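Below you'll find the structure, written out as structure tokens, and then a few comments.
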Amino acid sequence: MFSGILFRSVIRLAYESGTLVATGPERPPEPFVWDERTEQWRAPASAYRETVLRLRRENIPHRDAAAAFGRLRLESRIALEPRPYQVEALRAWRAAGLRGVIVLPTGAGKTAVAVEAIGRVGRSALVVVPTLALLKQWYSVLHDAFGESVEVGLLGGGYHQVTPLTVTTYDSAYIHAERYGDRFAFVVYDEVHHLPAPKNRVISQMLLAPYALGLTATPERPDGEHRLLPELVGEVVYRRSPEELAGRYLAPYELVRIPVELTAAERVEYAQADAVYRDFLAKHRLSVRSPEDWQRFILVAATSHSGGREALLAARRRREIVQSAYRKGATLETLLKRHWSDRTIVFTKSVDEVYALSQRFLIPGITYETLARERKDILDRFREGRYRAIIASDVLNEGVDVPEANVGILLAGSASPREYVQRLGRILRPREGKRAILYELVTTATGEEFTARRRREVRF
Amino acid sequence: MLRNEHILAHVNRGRVVPHRLSADDGRVTEVAERLIACYESHREGPRSRLERELALLEEELGPRLDARRGFKVVRALGKLLQDRAEWAPPTSADPYHVRTRLFELAAQMPEFPAEKPDLLQSPTREDVISRVSRETGLEDPVQVMYADRQKAQILRQFERPTPEELISRYNLAQVQGVLYSARELVVDLGREADAELIFRYAKLMELIYRIELTGSGYRLCLDGPLSLFGPVRKYGLRIAKFVPGLMLTQPWSLSAGVLWRGREAVLELDSETSGLTSHYRRPGDEPGDEVRRAFRKAWERSRDTGGWELESGAGIIPLPGLRTALVPDFSLLNRETGELAHLEILGFWTERHLIDRAAQIREAGERGARVLVAAPEGLGATPEALDAALGKEVIWYKTRLDPRAVLENL
């Protein structure tokens, strides 16, 4: 009888599709609101931490049927000697109640901080990343670190396997978090500046996770929405700039720019295609200086009855000549030969070029198409020295880790300064006595020259 | 389904008008035919070749439809055809193994394996390839090394539509695409609409509804759990998948607040003028439909119904706790006393279905609705078990339900 009364006065919390539902005779605390549609008290799942803390503080009897996460015995297999600033960062994060954002420059080992944090928290964890390349990279890192204690799950990019230690993308989390949001006690947001985007915000609402860690080199967003970060993940608890870590922890590098000239035959063909293209531009009073201009050209050419189709074909041919310039391939071969005893990464923008060059030079290629396991396999062998060179399309951008490379060859890239900086960051890994070289192959007599010049103006 | 990049629409005075194609337009049907034929002719061919061909068709056929957006229309039609295709790998060899051997052997060379042999007899690319060729028995390992790429896949199956089917699917897919950014969906249902079907789809898509009575029927507002805390567009995809279900019945009209090119706009449609056809399959006759028809006929022939009248439209009993509503087969109104009762006829359903329905009927009873239940003799459950599950007595019938048996229980 007595226990019956006691039971009835208990607030019961349950997880339901990204929300927290409270039942019981009493009104649950803020921010629960009455949902008339289903006749329940409801709050966003993210209210879990505050709600439980408050119920405990005020000694309100409650039963937690919401949390489906448990302890994890995580023993890292890789013995890492954390750098002093990494130790400081973790300490600051713990002092803030295992919530908050850590800001470290590209190449300073943000991933290592997160691995350490996941091990310390020792609960089921979800890692949210912006790209499929990072999804695969994190899989590889977590598998190396904790693969013996727990199976690493993947959600997104064709993978749908959710385990107590799962990596997902912002896009997949947006869709699926409501189904799995009760299973994780800890959430790590990589490149956390993506989280305040209007669409992504909902993700943190749908997760119970009382512990959260955000990682980024640049928390600020042009739209000012980083002001939401404290609410979504926590305050910035630690911050170091590239200048503070330069020299000691980020390796210096040398930039070598190699102009690649077209062969005589290519030059003739290029000039012909270029003439057709430019005539069309002149005839229609167009100039192409930006992607929008290019869109306008396509539009005019596609609808023009006289010479539009020819102009389109000429524009395409022009690009192809540059892309597949004979001397570019020959130069690349020379560089691969010269650095056969180094670790070389070749970057290119084009996925098709990756596969073509991979087949031509018999070096492994990595693109967004490469499956997580194979990607890990290639990078592992590259790290061990069983592969001397790899070629990758844009997938190695934004925080993807390639520890052992000391030679980079950039084939053709866009003029985005951020992209450029981050690509360079890939090679700037601290390694004793390492001298990194970055080659940039730019085909002359083309627009690429301009692109390269603009890029080199970036200072950091 | 289409992707965001395929969606075309324009906004007119705050209303978003999804792009549509007319099956009466010869140019449109020709484009549809050409695309279908393109897929058809690439059966057993590699995906890369089909995609190249489709890219050319975009350039060729696009401007014929619309000078500016034609290529997008063609691309969208292509995507809908792609949804009907199945692909298979082109070789029985394991490309992963082949390329891994090529890379390993190349990397083991003391010097970079050159493309051409030189006087110093340095290792060449050919040395590596011929060794892998010997190992695997493949004539040209380089040809096979990336055969597992999507582009190398072979078109194995293609479920060919008629041009009209493709155009109809396109028009609905554009409407669905506009709904991807919907915050909520408001549906006005006429009394003749099959409300039960609609609740079935709402539940299937895990949408939450609010319901109000209107002069001509019901108004449903559909969104999701998080919508309570402010507008979210997260449920737009589910709303988009719900709408073809709605279109299996009529009459209805709908409106949704969507985001088009960063601007708020409203999508409005109704069953009378939409001209859209659902591609969902209409559920067949339910077991018991025959009994229901016979019951209505018998009722209409009955001389004395004690003041009770069979209502034409079905009643809806909202069951918020169960995320659905009970739509009983018949509603009975007593003109003299104003009493309202409902009649639900159970059929030879699956056990799961029966349990769900029993829970709904009991919940409806607890919410104050009067629901009579009729069930055929020989139904899986024993009379006692069913009585207990429902919390009330069941009117049993053999082959047809006699109105008198119902009247006795009223």
Side-chain angles (χ1 to χ4, degrees), chain A residues 16-19 21 31 33-40 42-45 174-175 178 198-199 201-202 205-206 298-299 302-303 305 308-309 312 329-330 333-334 336-341 352 355 358-365 367 369 371 373-374 377-378 381-382 385-390, chain B residues 48 58-60 62-63 66-68 70-71 96 99-100 102-115 122 125 128-129 132 141-143 145-146 148-151 181 206 208-211 221-230 232-235 237 259 318-323:
Chain A
E16 201 184 280
S17 303
T19 64
V21 169
V33 290
W34 180 248
D35 189 344
E36 283 182 356
R37 305 169 302 173
T38 57
E39 302 179 350
Q40 285 164 311
R42 197 186 292 278
Y174 177 75
I175 298 169
E178 62 190 343
K199 199 177 151 189
R201 272 172 224 168
V202 190
Q205 277 196 312
M206 294 186 282
I298 300 263
L299 207 126
T303 54
H305 294 290
R309 193 175 165 80
L312 276 174
E333 184 173 352
T334 310
L336 287 171
K337 214 174 266 177
R338 184 188 300 166
H339 290 287
W340 196 234
S341 52
D352 285 334
Y355 288 105
S358 167
Q359 285 179 314
R360 179 167 166 192
F361 296 126
L362 304 182
I363 57 176
T367 72
E369 290 179 20
L371 296 178
R373 268 171 218 286
E374 180 173 2
D377 206 45
I378 291 172
R381 285 164 194 243
F382 183 61
R386 287 164 73 192
Y387 290 154
R388 298 162 187 263
I390 56 175
Chain B
S48 57
E58 261 171 44
E59 283 180 17
E60 187 198 332
D66 181 313
R68 215 157 42 83
F71 75 95
Y96 172 75
R99 62 178 174 263
T100 303
L102 285 166
F103 300 147
E104 275 175 349
L105 287 174
Q108 279 168 21
M109 296 291 179
E111 282 164 60
F112 176 77
E115 286 195 275
S122 307
R125 177 173 184 270
V128 177
I129 294 170
V132 176
V142 175
Q143 190 73 37
M145 67 189 278
Y146 282 119
D148 52 353
R149 286 187 69 196
Q150 201 185 53
K151 286 188 168 188
S181 66
E206 296 178 65
I208 299 186
Y209 73 87
R210 263 163 301 155
I211 189 165
C221 291
L222 295 143
D223 52 19
L226 283 170
S227 310
L228 184 64
F229 311 107
V232 275
R233 305 198 180 274
K234 199 185 138 38
Y235 305 110
L237 184 64
L259 202 65
L319 306 171
L322 298 177
R323 289 294 165 79

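Quantities reported herein were computed from a predicted structural model and do not represent experimental measurements. Chain identifiers are assigned alphabetically (A, B, ...) following the order of the sequence lines, protein sequences preceding nucleic acid strands; residue numbering begins at 1 within each chain.
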For chain B, which candidate among [options] shows the most heavy-atom pairs at distances under 4.5 Å?
options	value
V33(A), L312(A), L362(A), I175(A)	L362(A)
P198(A), P44(A), G385(A), S17(A)	P44(A)
Q40(A), E16(A), K199(A)	E16(A)
Y355(A), Y174(A), Y387(A)	Y355(A)

Hey, what do you get for [atom1] ([X]) to [atom2] ([Y]), rounding to the nearest 0.5 Å?
X	Y	atom1	atom2	result
I378(A)	F103(B)	CD1	CZ	6.5 Å
Y146(B)	T367(A)	OH	OG1	8.0 Å
S358(A)	M145(B)	OG	CE	4.0 Å
I363(A)	L102(B)	CD1	CG	12.5 Å
K234(B)	E178(A)	NZ	CD	4.0 Å

Quick check on [X] against chain A: is it the side chain, the backbone, both or neither that has a heavy atom closer than 4.5 Å?
X	answer
P110(B)	backbone
P63(B)	side chain
R99(B)	side chain

Quick one, [X] and [Y] - any side-chain contact, counting heavy atoms below 4.5 Å?
X	Y	value
V202(A)	R233(B)	no
K337(A)	E111(B)	no
L371(A)	Y96(B)	no

CD of E36(A): more than 12 outside heavy atoms within 6.0 angstrom?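 For E36(A), atom CD is not crowded (no more than 12 foreign heavy atoms under 6.0 Å).
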Counting heavy-atom pairs under 4.5 angstrom with chain A, the leader among A106(B), A67(B), A114(B), A107(B) is A107(B)
Quick check on the interface: out of R210(B), E59(B), E115(B), who has the most heavy-atom pairs with chain A under 4.5 Å?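 When all of R210(B), E59(B), E115(B) are compared, E115(B) has the most.
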Please report the closest heavy-atom contact between [X] and [Y], naming both atoms and the distance.
X	Y	result
R388(A)	M109(B)	NH2-O, 3.3 Å
E333(A)	F112(B)	CG-CE2, 3.4 Å
Q359(A)	V142(B)	NE2-O, 3.0 Å

Both conditions, 6.0 Å and 45 degrees, for the charged tip of R37(A) above the ring of Y209(B): are they met here? no
Side chain to side chain contact (heavy atoms under 4.5 Å, CB included) between E104(B) and R381(A): does it pass, once the steps are laid out? CA-CA 9 Å; E104(B) 275 175 349; R381(A) 285 164 194 243; 2.3 Å; yes
Does any backbone or side-chain atom of T19(A) lie under 4.5 Å from a heavy atom of chain B? Answer side chain, backbone, both or neither.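 The side chain, not the backbone.
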If I measure from the heavy atoms of chain B, does R201(A) come under 4.5 Å with its side chain, its backbone, both, or neither?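 The answer is neither part of R201(A).
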